[in-house]
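Read the structure below first, then the notes.
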Amino acid sequence: MRLATWNVNSLRSRIDRVEAFLARHDVDVLALQETKGREDQLPLMGLQALGYEVAVAGTNQWNGVAVISRVGLDDVEVGFPEMPAFGDPPAAEARALGATCGGVRVWSLYVPNGRKVDDPHYHYKLDWLARLHDAAGSWRDTPTALVGDWNIAPQDEDVFDIAAFATSTHVTRPERAAFEAFLTDGWTDLARPYTPGPELYTYWDYYRQRFERNRGMRIDFLLGSPPLAARVTGAAVDRDERAGKGASDHAPVIVDLQD
DNA sequence: ATGGTTGTAATACAA
């Protein structure tokens with residue numbers, strides 16, 4: 001089974017790229033973040049014609065997550081237990097969608113950005129992560145994938161210039177501790193062993209030709225529970241998807257799992 | 001240098 005995650009930065013504006021990506025890599029299950037737009041506007045018919053089922057959640061003009069699967073899509077759950085809400089209306093903050101696809105529980109996650117360290121959104125981000133961690137404790141013994149845009153760069157090498165992030169979110173000690181708590185609990189960063197060196201980054205800002213200069217960040221992750229991590233045979237970042245006109249600012253990350 | 005770019009039933013705001 002081939003599982004991928006991608007912050008697509010608007011599903012409607014990039015539906016052609018999504019369909020091409022699924023075909024190019026023979027993807028079975030794709031988790032999307034920042035789908036944006038209203039649910040009834042999302043162009044899902046083409047995906048359905050290709051044999052995929054689609055579940056979407058929490059679409060507004062900024063957030064929204066989805067799971068696309070051609071190996072079954074069952075037990076869809078929007079949000080996780082005790083997921084904190086923020087903003088007005090709170091429904092706009094749905095950032096998590098769980099579905100069982102081919103025997104794997106897949107959670108598409110869009111972790112709150114946090115904005116600035118002195119912003120209420122930063123505390124919301126930490127609270128959100130703590131509550132996700134609580135919920136995930138009961139998922140560890142089943143094949144489960146927590147995938148998406150974590151908005152955290154866990155290691156210094158995960159940003160192009162750590163000095164440039166001295167006062168920024170994404171690299172603070174509390175954010176990194178929140179991410180590390182999952183690893184301590186036995187979750188595994190499934191793609192990291194297969195994406196070293198120049199393949200490290202998953203996100204490049206649109207500003208200032210960051211992609212062309214490879215000044216990126218690694219903030220998109222697939223964390224696997226122990227039963228799932230044992231099945232990984234390979235992984236890759238599709239950097240080519242970030243190139244050219246009309247790209248999302250994130251590249252997809254792909255993981256292969258033994259059946 | 002607080003810029004720059006991209007998206008959205010938007011023309012401000014989030015990323």
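No experiment lies behind these values; they were computed from the predicted model shown. Letters go in sequence order (proteins before strands), and every chain restarts at 1.
Side-chain proximity of A:R12 to the nucleotides B:dA9, B:dT8, B:dT6 is greatest for B:dA9. Comparing atom distances between the A:Y206 side chain and each of B:dT6, B:dG7, B:dA15 picks out B:dT6 as nearest. Distance from the side chain of A:S10 is smallest to B:dT8 among B:dA14, B:dG4, B:dT8. Between B:dG3, B:dG7, B:dA15, one nucleotide has an atom nearer to the side chain of A:R208 than all others, and that is B:dG3.
Distance A:R215 CZ to B:dT5 P: 17 Å, rounded to the nearest Å. The distance between atom CG of A:D249 and atom C1' of B:dA14, rounded to the nearest whole Å, is 11 Å. The nearest whole Å value for the distance from the NZ atom in A:K36 to the C1' atom in B:dA10 is 11 Å. Rounded to whole Å, atom C1' of B:dA15 lies 13 Å from atom CZ of A:F165. If you take CZ of A:R17 and P of B:dG7, they are 10 Å apart, rounded to a whole angstrom. If you take NZ of A:K116 and P of B:dC13, they are 15 Å apart, rounded to a whole angstrom.
Judged by distance alone, with hydrogens and angles left aside, A:Y207 brings a side-chain donor or acceptor within reach of the base of B:dA15, the pair sitting under 3.5 Å.
Map A:N9 and A:R115 each onto its nearest nucleotide of DNA chain B; the residue landing nearer the 5' end is A:N9. Toward the 5' end of DNA chain B, the nearer of the two residues A:D205 and A:T167, judged by each one's closest nucleotide, is A:T167.
Looking only at atom types and distance, the side chain of A:S248 has no donor-acceptor partner in the side chain of A:E241 under 3.5 Å away.
Under the 30°/60° scheme for interplanar angles, the aromatic rings of A:F21 and A:H25 are found to be tilted. Between A:F221 and A:F179, the ring planes are tilted. Angles from 30° to 60° get that label.
A:Y110 comes within 4.0 angstrom of sugar-phosphate atoms only, judged by non-hydrogen atoms across all strands, and of no base. Nucleic acid contact class of A:Q209 (heavy atoms, under 4.0 Å, all strands): none.
Comparing B:dT11 with B:dT6, their C1' atoms are spaced 15 Å from each other, to the whole Å. Distance noted for atom C1' between B:dA15 and B:dA10: 15 Å (whole Å). Atom name C1', nucleotides B:dA9 and B:dC13: the rounded distance is 15 Å, in whole Å.
Partners of A:E82 by side chain to side chain contact (heavy atoms under 4.5 Å, CB included), not counting sequence neighbours, listed by chain and number: A:R131.
Checked against a 6.0 Å centroid threshold, the rings of A:F165 and A:H170 do not count as neighbours.
Residue A:R14 has a polar side-chain atom (N or O) positioned under 4.0 Å from OP1 or OP2 of B:dG7.
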